[in-house]
Amino acid sequence: MSATQHVASTLQNAVIIKHYTLAFLTRDQNGCNEVLLGMKKRGFGAGKWNGFGGKVEPSDPTVADAAAREMTEEANITVHGSDMQDKGTLVFTFTGKPEVMHVHVYQVTKYSGIPTETEEMRPQWYQYSAIPYSSMWSDDKYWLPSLLEGHKIIGQFDFDSDEAKIHHYVLDTIEH
Ligand SMILES: Nc1ncnc2c1[nH]c(=O)n2[C@H]1C[C@H](O)[C@@H](COP(=O)(O)OP(=O)(O)OP(=O)(O)O)O1
């Protein structure tokens, strides 16, 4: 079974699906590719670098709009939902928990504003060669390099109950 089929089957059979967004701002800085990461200051994932995102709310017109809203809330950046480039799907499951996290992943290259610290996140630009994977979610090192190379990704990571250890994963990268 391919990763794509595996993910489809998990989502079809899930009892509870929670939708999240995760967006990566990228730029060319004097010929060097950089990605904006945020240090999560509170709540789930505090102390880790990650892209920007959060729960999709019922009031969000679309998932891409939810991703744009989170960029504003977490980094003071303005992005139009239509400028969110769909980079794929990540599914996270947790041993003994009925809910499945469905994370909608985006890349952003068109935005306005200067990233600034908020109550939730401290943003910082990183060269692609210096991404701090050891201080990120343990799954990120498997799929973020492919995303930054221009691929779409689809994957599922099965974690233990507290999201500390991956006990199984599947991942496909899709040519752009
Ligand atoms: N394992 C893993 N890898 C990569 N990214 C993530 C995970 N687990 C995660 O939760 N995430 C991402 C998905 C989301 O972008 C955030 C979590 O969102 P969260 O902060 O819980 O949602 P908010 O709506 O912002 O919550 P409040 O703090 O405002 O209540 O991390």
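When reading the values below, keep in mind they use all heavy atoms of this one structure, side chains included, and skip hydrogens, waters and symmetry mates. Each ligand, and each atom within it, is numbered from 1 in the order the structure gives. No experiment lies behind these values; they were computed from the predicted model shown.
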Between Lys41 and Glu120 (salt bridge meaning N to carboxylate O under 4.0 Å), is one present in this structure? no

If we number the atoms of ligand 1 from 1 as shown, the ones under 4.0 Å from a heavy atom of Glu70 are 24 (O), 25 (O)

Is the Tyr126-Trp49 ring centre distance short of 6.0 angstrom? yes

Output the list of atoms in ligand 1 that are nearer than 4.0 Å to some heavy atom of Phe44, sorted by atom number. 10 (O)

Kindly indicate whether the side chain of Val35, heavy atoms from C-beta on, has any atom under 4.5 Å from the side chain of Leu25. no

Is there a side-chain hydrogen bond (donor to acceptor under 3.5 Å, both in side chains) between Asp83 and Gln85? Walk through the geometry before answering. CA-CA 6 Å; Asp83 289 325; Gln85 300 163 39; over 6 Å; no

Who passes ring-ring contact (aromatic ring centres under 6.0 Å, His included) against Tyr111, sequence neighbours left out? none

Between Trp137, Tyr142, Phe52, which one has a non-hydrogen atom sitting closest to atom 7 (C) of ligand 1? Trp137

Counting both backbone and side chain atoms, is some N or O of Trp143 under 3.5 Å from an N or O of ligand 1? no

Kindly check if the number of other-residue, nucleotide or ligand heavy atoms within 6.0 Å of CD (Glu119) is above 12? no

Note: ligand 1 atoms sitting under 4.0 Å from heavy atoms of Asp140 are 3 (N), 4 (C)

Do Val91 and Leu11 have side chains that approach each other closer than 4.5 Å (heavy atoms only, starting at C-beta)? yes

Which atoms of ligand 1 are found less than 4.0 Å from any heavy atom of Leu22? 5 (N), 15 (O)

Under 3.5 Å between any N/O of Thr21 and any N/O of ligand 1: does that happen in this structure? yes

Going by heavy-atom distance to atom 16 (C) of ligand 1, choose the closest among Gly43, Gly51, Gly53. Gly53

Per-atom contacts of ligand 1 with Lys40, taking only distances under 4.0 Å to non-hydrogen atoms: 20 (O)

If you count the atoms of ligand 1 from 1 in the order shown, which ones are under 4.0 Å from a heavy atom of Glu74? 25 (O)

Report the member of Glu120, Lys48, Lys55 with the shortest heavy-atom distance to atom 25 (O) of ligand 1. Glu120

Is the distance between the ring centroids of Tyr106 and Phe24 under 6.0 Å? no

